[in-house]
Amino acid sequence: MPTSIITTDDLRDFKLELLDDIKNLLSKQASGKLKKYLKSSEVMDLLQVSPGTLQNLRINGTLPYTKVGGIIYYDTEEIQNVMDANRVHHGLNS
């Protein structure tokens with residue numbers, strides 16, 4: 001299997017893409033087009049992330065979730081809170 005080298009620029013680009021995807025997800029919710037609670041598969045589709053990435057976001061505490069009867073749910077309002085808490089402001093001193 002070929003090895004890929006991931007640079008800090010790659011990680012920054014991924015983070016910005018992920019934040020944009022979450023922002024789009026939340027704007028859909030604000031316009032009433034999205035449910036309040038999403039299942040893992042819905043979050044993966046909307047954010048374009050793999051099951052492993054979503055699991056890592058849960059494990060490291062980035063994305064809060066609720067587990068009911070073996071099904072994991074994500075509250076879009078809590079995702080918005082995560083987005084706000086991790087907002088990056090690009091300015092002249094960054």
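Within the model, atoms OH of Y37 and CG of D75 stand 4.5 Å from one another, a figure rounded to the nearest 0.5 Å. In this structure, OG1 on T62 lies 9.0 Å from CG on L18, to the nearest 0.5 angstrom. In this structure, the separation between OH on Y74 and OG on S40 is 3.5 Å, given to the nearest 0.5 Å.
Here salt bridge (Lys or Arg N to Asp or Glu O under 4.0 Å) pairs that include residues 12-23, with residues two or more places apart or in two chains, are D9-R12.
A search for salt bridge (charged side-chain N to carboxylate O under 4.0 Å, His left out) contacts involving R58 returns nothing, not counting sequence neighbours. Not a single side-chain contact (heavy atoms from CB on, under 4.5 Å) links S4 to another residue, sequence neighbours left out. A search for side-chain contact (heavy atoms from CB on, under 4.5 Å) contacts involving T53 returns F14, V49, S50, L57, not counting sequence neighbours. In this view, T66 satisfies the side chain to side chain donor-acceptor pair (under 3.5 Å) rule with no residue, not counting sequence neighbours. With sequence neighbours excluded, the residues forming a side-chain contact (heavy atoms from CB on, under 4.5 Å) with L11 are I6, listed by chain and number. Checked against side chain to side chain donor-acceptor pair (under 3.5 Å), T7 has the following partners two or more places apart in sequence or in another chain: D10. For the side-chain contact (heavy atoms from CB on, under 4.5 Å) test, residues two or more places apart in sequence or in another chain that qualify with K39 are S41, E42, I71, Y73.
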